[in-house]
Peer 1: 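Provided herewith is a single structure, encoded as structure tokens, for subsequent inquiry.
Every chain is numbered from 1, with letters handed out A, B, ... down the list of sequences.
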Protein chains: 2
Amino acid sequence: MKTEKDRITSCDCNLIHKETVEYVAGKMPSEEDLYDLAELFKVFGDTTRIKILCALVEAEMCVCDIAALLNMTQSSISHQLRILKQARLVRYRRDGKVVYYSIDDEHVKQIFDQGLIHLKER
Amino acid sequence: MKTEKDRITSCDCNLIHKETVEYVAGKMPSEEDLYDLAELFKVFGDTTRIKILCALVEAEMCVCDIAALLNMTQSSISHQLRILKQARLVRYRRDGKVVYYSIDDEHVKQIFDQGLIHLKER
DNA sequence: ATAACATATGTACACTTGTTCATATGTACA
DNA sequence: TGTACATATGAACAAGTGTACATATGTTAT
């Protein structure tokens, strides 16, 4: 006869608040949503990308502008813009040789502001 | 006589929207804030930590509960809780042998919700 | 067509990170 | 004091990541 404890294999502890675990298990977002959420925050979790996004919140800019602003290689900025593009956080438009990037999501600023509020409250 | 272009050394492009760059430079948050913000999102940028936080939003839980819920090692959960603790995202209280963790910041849920909204809008 | 220039991309490398295993710490109870 | 148990931590390793260099692509103008 199998008990609940038998089924939960990877916890080597004996004390489990079974009801709490089951309650929370029922409340959790889907595995896919949790994965996607982590992927999104992973994109935010780099200083260069944060800077790029903060800059684009203020103005539309070309790759060269951003590289100059952040004092970084055109190549690295371009690589990071690719990641931001894939995450649908920025969009671009081409004007001759120049490619202009801008923010593609109004929530970016709100998410950043919430993050800054957390930091300010120590 | 030095020009603006001379001072910006790491951009090998010739076209720079000087005014835009200077305007945005004046609007950017401090280097420290940007760094801290990236560090915060780096903490969110892992599936295990996201899951732990989502779980703790629902209920206070002990390490063992979380390990059972996520079907993971007690050790790895403990390591991740340490990171969350350092980021002031969770707090803990000891009751005998058991250590109970809970959310230490009301903004966590709001930040997650904003993230999920971004994902839902494709 | 060719040169000049803005941007994109492939590759390589140093560095970071999450997990596991082994073990230490801390608490309760006999 | 000794045992059992919940949690914390150190070390090691595989896997992932950001940057720079070299080069390709795409656009304009001569």
Side-chain angles (χ1 to χ4, degrees), chain A residues 5 8-17 20-21 34-35 38-39 41-52 60-87 90-102, chain B residues 5 8-17 20-21 34-35 38-39 41-52 60-87 90-102:
Chain A
K5 197 182 149 198
I8 295 167
T9 53
S10 52
C11 177
D12 52 350
C13 306
N14 289 322
L15 185 148
I16 297 177
H17 302 83
T20 303
V21 172
L34 291 166
Y35 179 83
E39 288 301 304
F41 288 129
K42 214 171 279 183
V43 174
F44 291 146
D46 174 75
T47 317
T48 302
R49 288 192 293 266
I50 286 273
K51 287 179 182 172
I52 293 175
E60 179 187 64
M61 296 179 86
C62 70
V63 180
C64 201
D65 288 343
I66 302 171
L69 174 70
L70 305 186
N71 206 20
M72 289 181 70
T73 308
Q74 173 270 323
S75 171
S76 63
I77 300 298
S78 194
H79 275 295
Q80 299 301 352
L81 283 169
R82 187 167 186 263
I83 294 171
L84 293 171
K85 214 187 306 171
Q86 286 172 338
V90 301
R91 62 165 155 257
Y92 66 96
R93 68 180 178 87
R94 180 153 218 143
D95 183 14
K97 286 181 290 189
V98 184
V99 178
Y100 293 93
Y101 282 84
S102 57
Chain B
K5 197 182 150 195
I8 296 168
T9 53
S10 52
C11 179
D12 52 349
C13 306
N14 290 322
L15 184 145
I16 297 177
H17 303 85
T20 304
V21 172
L34 291 166
Y35 178 83
E39 288 301 305
F41 288 129
K42 213 171 281 182
V43 174
F44 291 146
D46 175 75
T47 317
T48 303
R49 288 192 293 266
I50 287 273
K51 287 179 182 172
I52 293 174
E60 178 188 63
M61 295 179 87
C62 71
V63 180
C64 200
D65 287 343
I66 303 171
L69 174 69
L70 305 185
N71 206 19
M72 290 181 72
T73 308
Q74 172 269 323
S75 173
S76 63
I77 300 298
S78 193
H79 276 296
Q80 299 301 352
L81 283 169
R82 186 167 185 264
I83 294 171
L84 294 171
K85 214 188 305 172
Q86 285 172 340
V90 302
R91 62 164 155 259
Y92 66 97
R93 70 179 176 87
R94 180 152 218 146
D95 183 14
K97 287 179 290 188
V98 184
V99 177
Y100 292 94
Y101 283 86
S102 56

Peer 1: Let me confirm one number: the CD1-CG distance from Ile66(A) to Asn71(A), rounded to the nearest 0.5 Å.
Peer 2: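 The CG atom of Asn71(A) is 14.0 Å from CD1 of Ile66(A), to the nearest 0.5 Å.
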
Peer 1: Over all strands shown, is Ser78(A) touching base, sugar-phosphate only, or nothing at heavy-atom distances under 4.0 angstrom?
Peer 2: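 It contacts base atoms.
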
Peer 1: At what distance, to the nearest 0.5 angstrom, does OH of Tyr101(B) lie from CZ of Arg91(B)?
Peer 2: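 CZ of Arg91(B) is found 13.0 Å from OH of Tyr101(B).
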
Peer 1: Using the side-chain heavy atoms of Lys97(A), tell me which of these nucleotides is nearest: dG26(D), dT19(D), dA8(C).
Peer 2: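 Of the candidates, dG26(D) comes closest.
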
Peer 1: Counting side-chain heavy atoms from CB outward, which of dT7(D), dT17(C), dT7(C) is closest to Val63(B)?
Peer 2: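 Minimum distance to the Val63(B) side chain belongs to dT7(D).
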
Peer 1: Roughly how many Å is it from CG in Leu81(B) to P in dA8(D), rounded to a whole number?
Peer 2: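 Computing the Leu81(B):CG to dA8(D):P distance gives 7 Å.
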
Peer 1: Under 4.0 angstrom, heavy atoms only, what part of the nucleic acid is Tyr101(A) near: base, sugar-phosphate, or nothing?
Peer 2: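 Tyr101(A): backbone/sugar contact only, no base atoms under 4.0 Å.
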
Peer 1: Round to the nearest Å and state the distance from Arg93(A) atom CZ to dG26(D) atom C1'.
Peer 2: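 Whole-Å distance recorded here is 17 Å.
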
Peer 1: So does Thr73(A) get a side-chain nitrogen or oxygen closer than 4.0 Å to the phosphate oxygens (OP1/OP2) of dT19(D)?
Peer 2: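 The answer is no; no side-chain N or O of Thr73(A) sits under 4.0 Å from OP1 or OP2.
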
Peer 1: If you assign Gln80(A) and Arg94(A) each to the DNA chain D nucleotide with the nearest heavy atom, which residue ends up on the more 5' nucleotide?
Peer 2: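 Looking at the nearest nucleotide for each, Gln80(A) comes out on the 5' side.
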
Peer 1: Counting only side-chain heavy atoms from C-beta out, which of dT7(C), dA8(C), dA8(D) sits nearest to Lys85(A)?
Peer 2: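 Minimum distance to the Lys85(A) side chain belongs to dA8(C).
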
Peer 1: Would you check if the side chain of Arg49(B) reaches a backbone N or O of Lys42(B) as a donor-acceptor pair within less than 3.5 Å?
Peer 2: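 Answer holds: yes.
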
Peer 1: Does the side-chain contact (heavy atoms from CB on, under 4.5 Å) test come out yes or no for Ile83(B) and His79(B), once each step is laid out?
Peer 2: CA-CA 7 Å; Ile83(B) 294 171; His79(B) 276 296; 6.0 Å; no

Peer 1: Grab the CD-C1' distance between Gln74(A) and dG26(D) for me, whole Å please.
Peer 2: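 My rounded result for the distance is 13 Å.
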
Peer 1: Does dA8(C) have OP1 or OP2 under 4.0 Å away from a side-chain N or O of Ser75(A)?
Peer 2: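 Indeed not, no polar side-chain atom of Ser75(A) lies that close.
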
Peer 1: In this structure, how many angstroms lie between the P atom of dA8(C) and the OH atom of Tyr92(A), rounded?
Peer 2: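 Rounded to the whole Å, the gap is 8 Å.
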
Peer 1: Which nucleotide sits closest to the side chain of Val98(B): dA6(D), dT7(C), dC21(D)?
Peer 2: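 Per side-chain heavy atoms of Val98(B), the pick is dA6(D).
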
Peer 1: What is the distance, to the nearest angstrom, from the CG atom on Asn71(A) to the P atom on dT19(D)?
Peer 2: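 Those two atoms, CG and P, are 13 Å apart.
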
Peer 1: Under the 5.5 Å and 30° test, is His79(A) stacked on the base of dT9(C)?
Peer 2: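 By the stated criterion, His79(A) and dT9(C) stack.
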
Peer 1: Please report, rounded to the nearest Å, how far the P atom of dG18(D) is from the CD atom of Gln86(A).
Peer 2: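 My rounded result for the distance is 12 Å.
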
Peer 1: Just how far, in rounded Å, is P of dT28(D) from CG of Asp95(A)?
Peer 2: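 To the nearest whole Å, that distance equals 8 Å.
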
Peer 1: What's the closest nucleotide to the Met72(A) side chain, out of dT19(D), dA22(C), dT7(D)?
Peer 2: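 Output: dT19(D).
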
Peer 1: Whole angstroms only, please: what is the CZ-P distance between Arg82(A) and dG18(D)?
Peer 2: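 Between P of dG18(D) and CZ of Arg82(A): 13 Å.
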
